[in-house]
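Data block below; observations after.
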2 protein chains.
Amino acid sequence: MEHSISEVARMSGLTSRTLRHYDDIGLLRPVRTASNGYRWYGRRELLRLQRILFLRELDVPLAQIGRILDGDRDGVAALRRHRADLVAHRDRLEEIIATVDRTIADLTGQAHLSEEEFFTGLSARRDDLRRDLEARYGAAAGEHFTGADTVTGGWTREEHEQAAAQGRRLLRRLSEARSSGTAPGSAAVLDLMSEHYQGVRLLWPADAAAYHALADVVTGNPNQRAMIEEIDPLLPPWLADAIRAYAVRRLGYVPARGRE
Amino acid sequence: MEHSISEVARMSGLTSRTLRHYDDIGLLRPVRTASNGYRWYGRRELLRLQRILFLRELDVPLAQIGRILDGDRDGVAALRRHRADLVAHRDRLEEIIATVDRTIADLTGQAHLSEEEFFTGLSARRDDLRRDLEARYGAAAGEHFTGADTVTGGWTREEHEQAAAQGRRLLRRLSEARSSGTAPGSAAVLDLMSEHYQGVRLLWPADAAAYHALADVVTGNPNQRAMIEEIDPLLPPWLADAIRAYAVRRLGYVPARGRE
DNA sequence: CTGGACCTTCTCGTTACGTCAACTTCTAGC
DNA sequence: GCTAGAAGTTGACGTAACGAGAAGGTCCAG
């Protein structure tokens with residue numbers, strides 16, 4: 001009892017193209033290929049196909065399916081690893097969905113947690129910030145503020161608002177990381193901090209040292225601190241740690257002992 | 001304040017290749033490209049990139065990111081649709097994880113719900129089945145059983161066991177669909193039934209009419225019924241409906257009024 | 001012997017880039 | 001001015017799992 005490729009396609013719900021593909025990659029070979037090139041499948045092939053379809057439905061990559069079915073050596077271990085991937089994927093989706101929800105709420109104006117602009121608010125208080133940095137670290141730290149090119153003057157009102165919303169979203173994501181017990185220096189947080197660093201650089205060409213100095217500003221500067229506490233009262237010191245961690249680990253900042 | 005491609009790469013954590021790619025597909029154009037081909041990015045481009053990264057982290061496809069950022073016309077609606085996709089994806093993952101768990105349990109012998117073989121059990125009772133079908137629908141229905149080529153005689157013991165485990169898993173997945181209130185004729189169930197049909201065909205070249213006749217067997221034949229009830233007491237009648245639905249909707253069976 | 005159904009082997013397109021390869025350009029040091 | 005090295009460029013191929021379509025061979029019924 002042999003079956004043509006279209007018969008197998010009908011029985012399995014696959015297309016003949018897919019079956020040809022499985023032949024190409026060696027996942028499911030026909031029992032024989034006639035001299036005219038026609039593929040013929042037998043019962044044993046159908047059994048294998050059935051198991052292929054099952055594993056495929058579990059999102060197991062075809063290559064792995066082949067390994068599981070061939071050397072059955074440790075199909076269970078492979079499945080366990082696959083399960084771990086699935087769970088991680090699902091957890092990540094949970095986070096993403098939550099973030100999307102808050103983003104939608106933010107965009108539709110349902111969330112007025114803070115009408116203040118974050119990055120732009122930062123920009124509006126440049127003089128304040130500059131004095132703060134200079135007082136803490138001397139004139140060199142504030143020097144970067146001199147260029148007029150760092151101002152956001154060229155932005156439209158819409159761009160301002162988008163930047164502000166972006167900043168609030170970022171702070172909320174950081175708040176989430178903090179409240180879930182994630183360390184400020186963990187890789188996941190540093191990834192988020194790269195967004196923060198980039199946001200800061202939109203307004204101010206901070207190098208590693210200047211960015212590092214910003215850590216003290218978010219806890220020490222009343223305006224900055226109040227803006228952040230409005231989103232999460234416990235965030236400022238944690239954010240300060242994250243800023244320092246990012247400056248050191250991703251920007252290569254070497255904690256100064258008085259150089260320059 | 002213009003930035004070279006490698007500066008932007010460092011700031012954003014992307015590679016220069018990725019930035020070149022974004023230029024190619026029109027997602028992020030440099031503010032200018034010098035006569036030597038070098039790309040230069042300004043503040044406005046960094047702002048756009050920041051929003052790109054945010055949406056990208058939410059698994060929004062690049063093409064859609066472009067549409068959202070350009071004509072901001074209905075970015076919220078797009079996000080809502082995207083959210084629906086994410087939720088569906090997560091729900092599907094939940095199901096898959098549950099199935100993988102049961103599969104692992106099955107493979108490691110932790111689940112001895114039924115030591116009987118399903119498809120192979122069906123095979124072992126071929127005479128029984130044949131008499132049943134003939135009694136219900138006349139000799140024509142049982143005729144398919146005559147070929148010796150339908151026997152699973154060529155199978156190894158391992159193949160028998162795998163087929164049996166596969167059959168039990170399928171019944172459990174069907175049971176899950178039933179208990180969650182899914183209709184036997186729904187697309188999702190028909191997809192599962194294609195596995196059932198294929199499993200049956202491994203043992204017995206049933207056409208649409210013969211498969212349709214099998215519906216009465218799973219409720220009427222004591223052996224079959226008992227085997228299925230062992231997995232889910234409420235499954236037999238529901239499974240019968242699913243078999244009929246599959247025969248009609250996927251195999252094109254026309255409910256007979258006495259033809260042939 | 002002809003039409004239609006079914007089969008074959010290319011080949012390109014999809015997504016979001018990674019990874020060479022081959023070349024040009026810029027910059028710093030001698 | 002020369003040269004090495006860093007950084008830039010444009011192709012072009014590879015990835016996973018096929019879909020779609022082209023161009024052509026094969027089989028079967030009327």
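On a predicted model such as this, the values are computed, not experimentally measured, just so you know. Each chain gets a letter, A, B and so on, in the order its sequence line appears, and its residues count up from 1.
- Nearest heavy atom pair, residue A/Arg20 against residue A/Ile5, reads NE-CD1, 4.0 Å.
- Not one N or O on the side chain of A/Thr18 forms a donor-acceptor pair closer than 3.5 Å with the backbone of A/Leu14.
- In this structure, B/Ser6 reaches the D/dG8 phosphate: one of its side-chain N or O atoms is under 4.0 Å from OP1 or OP2.
- At the phosphate of D/dC18, OP1 or OP2 sits under 4.0 Å from a side-chain N or O atom of A/Tyr22.
- Among the heavy atoms of the strands lying under 4.0 Å from B/Arg39 are primed sugar atoms or P, OP1, OP2 only; no base atom is included.
- Residue A/Tyr38 contributes atom OH, which lies 4 Å from atom C1' of D/dT26 at whole-angstrom precision.
- Taking atom CG of residue A/Leu27 and atom C1' of nucleotide D/dC18, one finds them 13 Å apart after rounding to whole Å.
- One interatomic measurement links the two molecules: CD of A/Gln64 to C1' of D/dA17, which rounds to 15 Å at whole-angstrom precision.
- Nucleotide D/dG14 holds its P atom 16 Å from the CG atom of A/Asp24, rounded to whole Å.
- Of the two residues contacting DNA chain D, namely A/Leu14 and A/Asn36, the nearest-nucleotide position lying further toward the 5' end is that of A/Leu14.
- Nearest-nucleotide positions on DNA chain C for B/Pro61 and B/Arg17 put B/Pro61 closer to the 5' end.
- Taking atom CG of residue A/Asp23 and atom C1' of nucleotide C/dC7, one finds them 13 Å apart after rounding to whole Å.
- Separating the CG atom of B/Leu55 from the C1' atom of C/dA16 is a distance of 16 Å, rounded to the nearest angstrom.
- Contact check, A/Thr18 against D/dA17: no side-chain N or O comes under 4.0 Å of OP1 or OP2.
- Look at CD1 on A/Ile52: it is 11 Å from P on D/dC18, rounded to the nearest Å.
- Taking atom CH2 of B/Trp40 as the reference point, atom P of C/dC26 lies 10 Å away to the nearest angstrom.
- Note: B/Tyr246 and B/Tyr197 have tilted aromatic rings, judged against thresholds of 30 and 60 degrees for the angle between ring planes.
- Salt bridge annotation for B/Glu57-A/Arg173: present, with a cationic side-chain nitrogen under 4.0 angstrom from a carboxylate oxygen.
- With C/dC17, D/dG8, D/dC27 as the candidates, the nucleotide lying closest to the side chain of B/Ile5 is D/dG8.
- Using a 4.0 Å heavy-atom criterion, one finds that A/Ile25 contacts no nucleic acid atom at all.
- When heavy atoms are screened at a 4.0 angstrom cut-off, B/Thr15 is found touching the sugar-phosphate backbone but no base atom.
- The base of C/dT8 has none of its N or O atoms less than 3.5 Å from a complementary donor or acceptor on the side chain of A/Arg20.
- Of the charged side-chain nitrogens involved, none lies within less than 4.0 Å of a carboxylate oxygen, so that B/Glu45 and B/Arg29 do not count as a salt-bridged pair.
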